[in-house]
Amino acid sequence: MSPNMPAVEHALLRQRTADLTPIRHLHCTCVSSEFLVKMAKSKAARKSGENMKITSSCETVVQGMDDEDDEELQRALADDIISASEDEGGSDDERKHCKLLEAISSLGGKKRKKLTERSEASIQVSEFTVNAEGEGDKIHLSDLIGTLDKTPSALIKTKKQLKNLQHNQSTLETPLTRKETEKIQREVAFEKTSKEVSRWQSVVLQNQKAEQLVFPLNQEPSGPKRIEQVVAGWKAQTPLEQEIFSLLRMNKQPLHDPVLTPTEEASLRAMSLEEAKIRRAELQKTRVLQSYYEAKAKRGKRIKSKKYHRIQKKVMRKEYLKQFDEMVKTDPAAALEELKKMELSRMKERMSLKHQNSGKWAKSKAIMAKYDDGARKAMQKQLEVNKDLTQKLVIPADEDEEDEEESAETLPDFVNDVEPILDQVNPWMRGKLSTEPMMEESNRLHPPVWPREVGKPGEGRDDQEEDEEQMEETEEESLLRGFEERRKLRQTEDVKVAPMTMEENDDGKKAEILEISDDDEEAVEISDDEEALEVSDDEEAGLSNFTSLFHGLVNHMEPPADQPKAGPGLGQGESPALLEEGLVRVRTLEDVELLSQDISASDTALLTTRDLGTEETDTQSATQQADKKRKKMIDPNEVLTKEAKVIEMPLAPTAVEDVEDKEEQRVIIKEAFAGDDVISDFLKDKRKQEEAGRPKVIDLTLPGWGEWGGLGLQPSRSKRKRFRVKVAPPPPRQDQKLPNIIIAEKRDSSIAAHQVCQLPFPFENPIQFERTIRSPVGRTWNTQNTVQKITAPKVVTQLGAIIEPIAREDLIKDIRQAVTGPSINLESDQGPQKKRRSQQKKKHKRKKN
Amino acid sequence: KTTRGMLSDSRVFDACENRKSKRRKKQSPTDFRLSRLRRDSSGTSRSNWKINTMIMKTNNSIYLCRQSFFPSRNSCSPVQFRNSSFIHIHAMKVKVLSRNPDDYVRETKLDIQRVPRNYDPSLHPFEVPREYTRALNATKLERVFAKPFLASLDGHRDGVNCMAKHPKSLSTMLSGSCDGEVVWNLTKRECVRTLQAHEGFVRGMVVRFCGTSFFTVGDDKTIKQWKMETPGYGEEEEPLNTILGKSVFTSIDHHQKEGVFVTCGQQVDIWDEQRSSPIRSFSWGVDSFSCVRFNPVETELLASCASDRSIVLYDMREATPLKKVIMNMRSNTLCWNPMEAYNFTCSNEDYNLYTYDMRYLDKPFTVHMDHVSAVLDVDYSPTGKEFVSASFDKTIRIFPKDSGHSREVYHTKRMQHVISIKWSSDNKYILSASDEMNIRLWKANASEKLGLLAPREKAAVNYSQKLKEKFQHHPQIRRISRHRHLPKSIYSQSKELRVMKEARRRKERNVRKHSKPGSMPVVTEKEKHVVTVVK
């Protein structure tokens, strides 16, 4: 550069200071290139070190400029930079110039004031190295373009642009201070690093939770490696190898796991060998069964014996009925369907004449029937079939005959029932008896009737036939045998009970019953002679007894119209005896006494209690027998050794009606708490504790020492006396005189020092803590393996091994494990689907990044 | 009559079987038994009931067979019952007493005799009391055998100011004193090499990650790099490299994997080994730093303790520091957890140590209290589970990383203010350097038996450890396991501190009680010590 450079600069600077000092407050971003060049030059004069800053600041300003201008500027700046070092010498001159300039500018009237003001340097010299002089003065565009106008060669394009920008009113925000930018930078950087560091979170947590950590961390497992592991690292290198591998790959042959091809794997995955075997076995079994049944059916079909088929059919029918019964219980809807079907078949039967006597066969049989017993039976059978089929399923209750048949043919329900528990402690059970006794009673009165003998139509059949049937009905038999046994048992009981029941009944009434029953029986005989004939006399009597009883009950329920003579008498005579137990209040004499005691406290209630008492005595006579059977109620007087204090309560009511109500309530409460007897339990408990605390006599006698010993030989009395050690009685119990308290004397203060008094931190309740303590650890209680497992230390370090800090590779490995699976080898084992998934995940990750 | 018949019957079979067994001795016992049964059920005539009782002896097993069939229903008669009434008739039942010799015969003479054991809990009662006694004994024994002090390495002629672990060798250790420095061989407990590194204090030293050379900084404003090998005969002891700095360096640390190290003094400088000027320097309105440490896991991260009571975090890749937290008192040193990338612990002047999560600096997640004077140094165990701290109160304490109180305290009569501490990289030993010119070697686990353990020994140790852990909450065991002897001064001082703390708490409580509700917020112990976090 020329030596007269300062002069030029002088001029330029003057211009600048006059026109456009504070660049920061420019209206627009675009500045003419010339101006910038000038500015840059002026700056360059100062210091070489500042050069860089200027260029950068200039560049920021010049954003909107054209390319040509940009180049120009660059060139100019480059010149400056080069010249900067040369200008060092002229710095003194420059300072002088500055002073001069300032002096000149201070001559101007306006600006004098400002200069006289003293201010902070930081305000005047901003960090962008531009003087803050004249801050607040705005620069107009005309000021900037003024110089352009003079030069005719000024760019029209830029002019246009500037003019356009003049309309734009928005100003550019001032860039942030360094402090603030650094703060932002720091924050961003911190965010970034903390995010980066947070990747370790999972690993850290995992290590914290790990049962056992073995340091150094990533040790390679000792011992032989799997062949796949070794092979995986190996690469085909020679051309031959490569060729072979490419061939293998083309044919989808397995490379690493040299056992199965993908297709084979797929087939394996479809069904394992074991599964296949099981399936095959199942199929075989079903096939065998099928063929077996087929063969059986064929055989059955080929059998010509009619009897066989008949029996078969019968069996089938029975089976069907059984199924139906079950169905009624399990699936009522389906049962209804079946019922409909049965109804349909019945209708068909009624329409057709199949089992009537009109058929050819039937007619011939009818002729033969007179002479041939078999024929008669066959006919009867056919008729029976007809009857069976046409029988209505829902049997009307009012028909006496039907009832009779029912009672005779089917066993009464209570036979199947479990014998009622005659628990008289619990009044609930007693209450239940109120519905039961009639059944019970009838059961007692009911003589042993074996229904099979009564109901069987084919009584006179051949023995053989019967045998066959028996063979068929073994199942039924076994069931029935059970019943029989029960019945026998009950009979033996009845023998004992019967007299009592008989006593209860009046003799006259019994006679009446018998008469009635006889009448009934006659009616039955008329209706069905065949059956009646076979019923033996004893049975007849029994049956009649039963039926009469039944009638009596029915009459009692609903006063009969058709039996005016016997009905009412029976109803009155029988019912109290039968339903006695049900009606009896659960209130004993003692209760009444207690009650009366209570009530006697108040005068008003006294009368009523007397009344009650008399009533009770009346009823007492009636319920005497029942009372005998009953067990005693819990009686506080009996249980408590001490006299219970009578708590004065306003129990006794003022009104007479209320008394009864309360009594009822009392009874109810007593009933409700009849089972749990708290007081006696407590007393028992106390007594037990006392017993336990009492010292026991220690017998140290050793048989055989000093005398003969052996089986059946007792040591002598003197010896026993000598070796019996008596222990001194302990001090009296603390709760000796406190009847309602048990003071535990077991607590040992010497143990307390060894016991945990506060629940330790991680535990939430004592049970949890106790559980951890209770499970033993040692070899005495556990197997070797368990002990090893339990006592494994949390941190294992190897002797003499340097433990490196956890490496970033571990993290990457962990993450990969989380994504794909435990190891690379397994990856190759995975199915194609899994692989794809992992790839997808990877892709996803990449996208995220 | 029947009895005799039965006997004869069985005798016949017996004979049969004996003959057979002679023929094939090798047959397994089960087969033998089965064949016998088959013969019984099929061989005899149509008699429907039959009872056989017999005892058979073979070479090593005894069979007791009783066999009875339920008489079939149709042939059941009371007479027959009466005849056989001495035997309970039930469904066929075979009882076998047999033992597999594999269970009790040892394979060779050298084996230990097999002792079969029945683990039925009813046979081994009082599990808890027995284990409790064992635990108590184990605890007592632990205290009896707690002898942590191993050796004292003396040779320095001034207080030892810093130490460095060798990253590749467990037996090598470096120590820098106030006048020079020494390389030690730990297994022989002798000094291997002495060199005059700096004039004045050696402030810090670190071994390069490869273990071939080490760096030292001193009060003479230099950083020197030395070879690890001793110079050969006739060679002069000269540093590989010397960098002259502008100010005193107080600490140095080396990158875990690259040839980059960091120093601190007036500012934190990051140096490339190849260059003589720092590649980056950070300063954030602080004039002096006391300690700087690289994160061993996230190797680009740094943390430093500054004299303005702050801890500053840096990232080597960033142009600016990351964050700083200002505490009530100055932190002397800090150490990163080698297993948890974001955790570090700093030793503070206020007698406490603070463990921070670098992501959440607003409060430490654990405050470790127990020292009764300023804590001067801290070092993590290589497992990252515990750390050891050295204090001005002449003790060393070992803290679990997440517990507020120490599990162990080491001291000796002669040990003065402990200035530097290191935990050996095999997790077994602790090295402490103190004012009185000695370096001491301690066991990290006071009662641990050193050297190889026999498997049974190891099992016993594990078991007693587990027992102690199981019963740790029981008062006696806790008392014994926590019992430590302390020097009187420390004991009384800690007591005093406790009283002071209690008094302060009481006062605060009272003030809170008598002030407007809400005007005195409760400040937790963790929050108390942090002044502010500067972003």
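Residue numbers start from 1 in every chain, and the chains themselves are labelled A, B, ... in the order their sequence lines are given, proteins ahead of strands.
Contact of L213(A) with chain B is made through the side chain alone, with heavy-atom distances under 4.5 Å. In this structure, chain A has no heavy atom under 4.5 Å from any part of R478(B). With a 4.5 angstrom heavy-atom cutoff, S775(A) touches chain B only via backbone atoms. Proximity to chain A is limited to the side chain of L301(B), based on heavy atoms less than 4.5 angstrom apart. Looking at Y360(B), there are no atoms closer than 4.5 Å to chain A (heavy atoms on both sides), in backbone or side chain. Of the atoms belonging to P121(B), not a single heavy atom falls under 4.5 Å from chain A. Contacts of E804(A) with chain B are made by both backbone and side-chain atoms, with heavy-atom separations under 4.5 Å. Proximity to chain A (any heavy atom under 4.5 Å) is shown, for K324(B), by neither the backbone nor the side chain. For a residue to count as touching a neighbouring chain, one of its non-hydrogen atoms must lie under 4.5 Å from one of that chain's; by this rule V297(B) touches chain A with backbone and side chain alike. R359(B) touches chain A through backbone and side chain together, each having a heavy atom under 4.5 Å away. At a 4.5 Å heavy-atom cutoff, S171(B) makes no contact with chain A through either its backbone or its side chain. For I802(A), the parts lying under 4.5 angstrom from a heavy atom of chain B are both the backbone and the side chain. Neither the backbone nor the side chain of E191(A) has a heavy atom closer than 4.5 Å to any heavy atom of chain B. Within the 4.5 angstrom heavy-atom criterion, only side-chain atoms of Q256(B), from C-beta onward, approach chain A. The contact between K535(B) and chain A is made by backbone and side chain atoms together, counting heavy-atom distances below 4.5 Å. Looking at A801(A), only its backbone comes within 4.5 Å of chain B, counting heavy atoms on both sides.
Environment of CG in L123(B): crowded, with over 12 heavy atoms of neighbouring residues, nucleotides or ligands closer than 6.0 Å. Annotation for R482(B): atom CZ does not count as buried by contact number, only 12 or fewer foreign heavy atoms lying within 6.0 Å. Annotation: K794(A), atom NZ; neighbour count of heavy atoms from other residues, nucleotides and ligands within 6.0 Å does not exceed 12.
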Using side-chain contact (heavy atoms from CB on, under 4.5 Å), reason through V204(A) and Y342(B) one step at a time and then give a plain yes or no. CA-CA 10 Å; V204(A) 169; Y342(B) 41 78; 3.5 Å; yes

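Applying side chain to side chain contact (heavy atoms under 4.5 Å, CB included) to T780(A) and the options R134(B), E131(B), E127(B) leaves one that passes, R134(B).
In this structure a side-chain-to-backbone donor-acceptor pair under 3.5 Å is missing from K385(B) to Q208(A). Between the side chain of K470(B) and the backbone N or O of I773(A) there is at least one donor-acceptor pair closer than 3.5 Å. Judged by distance alone, with hydrogens and angles left aside, the side-chain atoms of H124(B) form no donor-acceptor pair with the main-chain N or O of W781(A) at under 3.5 Å. The closest donor-acceptor contact from the side chain of R186(A) to the backbone of L322(B) lies at 3.5 Å or more, if one exists at all. In terms of modelled atom types and a separation under 3.5 Å, the side chain of Q465(B) and the main chain of P793(A) share no donor-acceptor contact.
Between chain A and the options E340(B), E318(B), Q476(B), E298(B), the largest number of non-hydrogen pairs under 4.5 Å is found for E298(B). No other option in R779(A), Q755(A), Q758(A), E196(A) has as many heavy-atom pairs under 4.5 Å with chain B as E196(A). Interface summary for chain B: among V188(A), T797(A), T193(A), the most heavy-atom pairs under 4.5 angstrom belong to T193(A). Between chain B and the options N782(A), L217(A), V795(A), heavy-atom pairs under 4.5 Å are most frequent for N782(A). Among K195(A), Q798(A), Q201(A), R774(A), the residue with the largest count of heavy-atom pairs under 4.5 Å with chain B is Q201(A). Looking only at heavy-atom pairs under 4.5 Å with chain B, the residue among A807(A), A753(A), C757(A) that has the most is A753(A). Of the listed residues Y380(B), W284(B), W336(B), the one with more heavy-atom pairs under 4.5 angstrom with chain A than any other is W284(B). Looking only at heavy-atom pairs under 4.5 Å with chain A, the residue among L170(B), D315(B), T383(B) that has the most is T383(B). The residue among E187(A), Q185(A), H754(A), K183(A) with the most heavy atom pairs within less than 4.5 Å of chain B is H754(A).
Using a 4.5 Å heavy-atom cutoff, the side chains of F215(A) and N427(B) are not in contact. Between F769(A) and H473(B) there is a side-chain heavy-atom pair separated by less than 4.5 Å.
The two atoms that bring A341(B) and W200(A) nearest to each other are CB-CD1, 3.3 Å, heavy atoms only.
Here the straight-line distance linking atom CD1 of I184(A) with atom OG1 of T320(B) works out to 11.0 Å at 0.5 Å rounding. In this structure, I790(A) CD1 and N462(B) CG are separated by 12.5 Å, a value rounded to the nearest 0.5 Å.
Under the 4.0 Å criterion applied to side-chain N and carboxylate O atoms, R808(A) and E300(B) are assigned as salt-bridge partners.
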